[in-house]
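Working notes for the structure below.
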Amino acid sequence: MEDLKLELKNKIIEVLNLEDIAVEEIKDTDPLFGGGLGLDSIDALELIVLLDKDYGIKLADPKKGKEIFQSIEVMAKYIEENRTK
Amino acid sequence: MKKTDICTIENSKIVLNQQTLFESQAGNFSDFAKEAYKTLEINYPKFHKMDHLSKLAFLASEMILKSNEHSKTALVFANKSSSLDTDFKYQESINSEEHYFPSPAVFVYTLPNICVGEISIRHKLQTENAFFVLDEFDEEFLNSYAAQILQSGKAEKVLCGWVELYQESYKAFVYLLTL
């Protein structure tokens with residue numbers, strides 16, 4: 001799980017172009033949205049694409065993203081339970 | 001009309017009113033833009049999410065608009081290639097049937113006028129903005145459009161710009177007009 005969390009932090013920085021953010025700055029339980037990362041609705045859509053592309057998880061309801069993307073911790077747990085890749 | 005500040009960006013160089021503000025040895029636009037952002041201490045994280053056309057327009061505009069208040073400044077920009085550079089990048093993300101992953105973050109830049117939207121957001125402009133796709137830079141056309149805006153009283157200044165970018169070929173020529 002720790003490897004997956006680190007992997008997610010690196011992917012989020014790369015995919016969402018967070019050039020000014022270092023991996024160490026993203027805490028496992030910090031809120032991804034509404035916090036210091038400055039993520040918006042387009043970033044949420046990109047994370048939904050990431051779930052599909054890298055982990056084989058297709059979200060039938062994009063609104064579920066709000067629960068899944070609460071934090072790195074929650075996101076990693078969801079991926080572990082549902083990944084097909 | 002008076003043309004005041006002029007900013008040009010080409011060949012990895014940013015020049016404002018004939019003074020070189022920044023020059024890079026970077027081999028590509030992406031690295032040049034990143035270096036310019038850091039060196040000029042722009043401090044606007046959203047910059048990194050923009051496509052290349054928006055970064056070019058943003059950098060040129062930033063050099064002119066950063067110093068004074070510009071809430072009544074309209075924007076009139078143009079280019080030849082529209083958003084083609086980003087259009088192709090978006091197409092790459094949907095080319096393959098097996099690996100079909102359209103990118104929302106790229107998709108939102110598949111229109112050239114988004115670049116003037118980004119400038120408006122940065123400087124909190126609620127003025128008119130327009131983007132034209134022309135065969136070549138037509139200063140008379142842009143100035144004529146700008147004059148109408150100024151004479152109507154809808155804005156006190158107009159930032160006009162030719163921001164052309166396709167792959168590694170880019171040029172920005174942006175200037176401020178007042179009556």
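Given the structure is predicted, the values throughout are model-derived calculations rather than measurements.
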More than 12 heavy atoms of other residues, nucleotides or ligands under 6.0 Å from NZ of B:K72: yes or no? no
For the residue pair A:V49 and B:P104, establish whether any side-chain heavy-atom pair is separated by less than 4.5 Å. yes
Specify which of A:I48, A:L16, A:I21 makes the most heavy-atom pairs with chain B at under 4.5 Å. A:L16
Is A:D61 atom CG crowded by more than 12 heavy atoms from other residues, nucleotides or ligands, each under 6.0 Å away? yes
Between B:Y166 and B:F29, is there a shared hydrophobic cluster once you connect ILVMFWY residues whose side-chain heavy atoms come closer than 4.5 Å? no
Report the distance from atom OG of B:S103 to atom CG of A:L50, rounding to the nearest 0.5 Å. 11.0 Å
Need one label for B:K38: side chain, backbone, both or neither, based on atoms under 4.5 Å from any heavy atom in chain A. neither
So which of B:Y37, B:F47, B:F107 has the largest heavy-atom pair count under 4.5 angstrom toward chain A? B:Y37
When you measure from the side chain of A:E46 to the backbone of B:A105, do you find a donor-acceptor pair of N or O atoms at a distance under 3.5 Å? yes
Is it the case that atom NZ in B:K3 sees more than 12 heavy atoms from other parts of the structure closer than 6.0 Å? yes
Over 12 non-hydrogen atoms of neighbours within 6.0 angstrom of CD in A:E14: no
Does A:K53, at its NZ atom, have more than 12 non-hydrogen atoms belonging to other residues, nucleotides or ligands within less than 6.0 Å? no
Here's a test for you: under side chain to side chain donor-acceptor pair (under 3.5 Å), which of A:D40, A:N17, A:D43 qualifies with B:K49? A:D43
